[in-house]
Amino acid sequence: MTGSITDGEDVVQDALFRAYRSLDTFDDSRPLVPWLFRIAHNQCIDFLRRRGVREEAEAAAAEPDFIEPGDPAPTVGPAIEHLVLNLPPKERACVLLKDVFEYSLEEVAELVDSTVGGVKAALNRGRSKLASLEDQPAPPRVTAPEHRQILRLYVERFNNRDWDGLRELISADARLLVADRYSGSFTDGGYLGVYSRMTVTWRLTLGEVDGEPSIILLNMRDGAWEIEGIIRLDIGAHGRIERICDFQHCPWVLAAGSVVVREFVG
């Protein structure tokens, strides 16, 4: 639904938290899966709306003559996501549930809180749009050049163990998500302290995850650097990091997404 493994992980975390807080409203005489899916679906729609506003602002700030450095390596994993991203949320959900996950029309209708007729109409519209887009390349997402520079500074200061320099890049009220471990205030999370005390050899490098500029976490194993995780930064209009998402403890993200290392690590 989000077109990005890391964004999808964020939505799932938020949806599970919301479901936990809403358990007292759940009717245990009804199936659990549709109730959970509706929460996740609504959370995803909220996320897509917020991202639309953010991407419009980034596009307006981008340099008109900025050129993407290098051509991305060919991948097949995100193909369907790039196509489905051209659909509105309801059509997107119906196409994915029916044509990818092979739910029945009745099941899809229950999951998206619609009728069978409404699902059929959404499927017809969505399939028609996808048919017209099949031969068109997916447009890259726009990221402001100044944001790329912040990613680079974050990588350089982490690799130099310049923890104070890293903190200068991060907003005072920044949020932190270490998937499956911690979610809350960056200040209270002790995040950089954990990395500074580790005896494991870590290093960051610039790369792409599902076509978006990202930070790749590397670990030294048997004399070679291996991809260990993904770190995503959300950067505010003021040019400081507002959120850090670390997916070191979610190795499935690496297998499910398209991860490309853009810079050589010596």
Side-chain angles (χ1 to χ4, degrees), residues 1-52 77-127 129-130 175-185 188-189 209-210 229-230 232 234 243-258:
M1 282 286 287
T2 65
S4 166
I5 294 297
T6 52
D7 287 341
E9 176 76 17
D10 278 359
V11 170
V12 168
Q13 296 266 345
D14 292 342
L16 289 175
F17 179 68
R18 178 165 294 188
Y20 173 76
R21 296 190 63 180
S22 304
L23 279 174
D24 57 340
T25 67
F26 173 61
D27 180 1
D28 56 13
S29 67
R30 298 180 61 107
L32 178 64
V33 171
W35 180 74
L36 286 174
F37 183 88
R38 277 194 292 273
I39 292 175
H41 183 253
N42 291 335
Q43 199 74 21
C44 189
I45 290 174
D46 290 343
F47 168 83
L48 291 171
R49 287 171 179 159
R50 291 194 302 271
R51 186 171 71 186
I80 188 166
E81 289 91 340
H82 286 317
L83 286 176
V84 173
L85 279 175
N86 289 278
L87 303 180
K90 183 176 180 180
E91 294 173 16
R92 183 184 312 187
C94 290
V95 169
L96 285 172
L97 290 170
K98 185 69 177 70
D99 295 346
V100 178
F101 297 108
E102 299 182 344
Y103 282 90
S104 69
L105 290 172
E106 290 76 13
E107 289 171 326
V108 175
E110 183 176 7
L111 290 172
V112 301
D113 196 21
S114 182
T115 63
V116 170
V119 169
K120 287 181 178 179
L123 281 172
N124 287 334
R125 291 193 303 270
R127 288 166 176 167
K129 292 175 184 176
L130 291 181
R175 306 296 294 173
L176 170 66
L177 169 67
V178 180
D180 290 343
R181 292 294 187 276
Y182 174 83
S183 179
S185 165
D188 297 336
V209 178
D210 293 330
I230 296 165
R232 195 189 68 198
D234 292 345
R243 190 168 187 242
I244 299 174
C245 301
D246 187 321
F247 297 96
Q248 177 194 157
H249 303 289
C250 298
W252 64 269
V253 170
L254 300 175
S258 168

d(Leu176 CG, Asp246 CG) to nearest 0.5 Å is 7.5 Å
dist Glu91:CD -> Asn124:CG (nearest 0.5 Å) comes out at 10.0 Å
Output for pair (Leu16 CG, Ile39 CD1), nearest 0.5 Å, gives 9.0 Å
Shortest non-hydrogen pair, Ser114 vs Lys90, comes out as OG-NZ, 3.1 Å
All heavy atoms of Lys98 vs all of Val108, minimum pair found to be N-CG2, 4.2 Å
(Q) Do Phe26 and Leu32 have side chains that approach each other closer than 4.5 Å (heavy atoms only, starting at C-beta)? (A) yes
For Glu106, is there any backbone N or O sitting under 3.5 Å from a side-chain donor or acceptor partner on Tyr103?
no
With heavy-atom distances below 4.5 Å as the criterion, would you say the side chains of Gln248 and Val178 are in contact? no
Heavy atoms of Val112 and Cys94 approach each other most closely as CG2-SG, 4.3 Å
Output for pair (Leu105 CG, Leu97 CG), nearest 0.5 Å, gives 11.0 Å
Do the non-hydrogen side-chain atoms of Val95 and Leu123 ever get within less than 4.5 Å of each other?
yes
CG of Asp234 to SG of Cys245, rounded to nearest 0.5 Å, is 5.5 Å
Rounded to the nearest 0.5 angstrom, the CD-CD distance for Glu102 and Glu107 is 11.0 Å
